[in-house]
Each structure stands twice: as structure tokens, then as C-alpha cells.
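Structure first, then comments.
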Amino acid sequence: MRKMTPEEIRIAGRAAHDAYYEDGYGAGKKYADQLQGEMIRRGNTSSDDIYEFEHSTTYSWER
């Protein structure tokens with residue numbers, strides 16, 4: 001499975017961010033957790049990837 005591009009991470013992260021503002025913390029967190037799981041499965045765990053995640057979702061990377 002190929003790694004996600006920074007743009008793909010930003011787009012998915014923005015969906016989590018938007019869900020937070022439209023439906024509350026729980027909805028946004030659900031999207032962020034799904035994105036983090038997908039990033040881990042694809043090997044997107046570099047500091048740059050984590051920065052993109054945190055910047056686009058506004059959630060912290062769960063270590």
C-alpha cells in the first residue's frame with residue numbers, strides 16, 4: 001500500500017476539522033482517529049506527516 005501524499009493528509013484532515021465545527025468534538029475526533037489509523041497502516045509516521053495531520057485536523061497525534 002502506498003503512502004498518503006501531504007495533500008491527501010491535508011484533505012482528510014480538513015474533513016475532520018470541518019466535522020468538529022459542524023457536529024462537535026466527537027465527530028471530528030472520529031474522523032481524526034480514522035485518518036491516523038490509515039496513516040499508520042500506510043507508513044505515514046514521519047515528523048512531517050504528523051505535522052500535516054496535526055495542522056490540518058487541529059487534533060493531537062495519539063502516541
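Heavy-atom basis, side chains included; hydrogens, waters and symmetry copies ignored. If you're wondering where the values come from, they're calculated on a predicted model, not measured in any experiment.
To the nearest 0.5 Å, the span separating CD on E22 from NE2 on H17 amounts to 10.5 Å. Of the inter-residue distances, the one linking E52 atom CD with T5 atom OG1 reads 9.5 Å to the nearest 0.5 angstrom. Distance CG/N44 to CD/E8: 8.5 Å, rounded to 0.5 Å. One finds the CD1 atom of I50 at 8.0 Å from the CD atom of Q36 (value rounded to the nearest 0.5 Å). Rounded to the nearest 0.5 Å, atoms CD (E62) and NZ (K29) are 3.5 Å apart.
Evaluation of the salt bridge (charged side-chain N to carboxylate O under 4.0 Å, His left out) rule for K3 yields no partner, not counting sequence neighbours.
The shortest side-chain heavy-atom distance between W61 and I40 falls under the 4.5 Å cut-off. R10 has its side chain within reach of E7: a pair of non-hydrogen atoms, C-beta onward, lies under 4.5 Å apart. Here the side chains of L35 and M4 are in contact, with some heavy-atom distance below 4.5 Å.
Between S56 and I9 the shortest heavy-atom distance is OG-O, 3.7 Å. Minimum heavy-atom separation, A16 to A32: CB-N, 3.8 Å.
More than 12 heavy-atom neighbours from other residues, nucleotides or ligands sit within 6.0 angstrom of OH on Y59.
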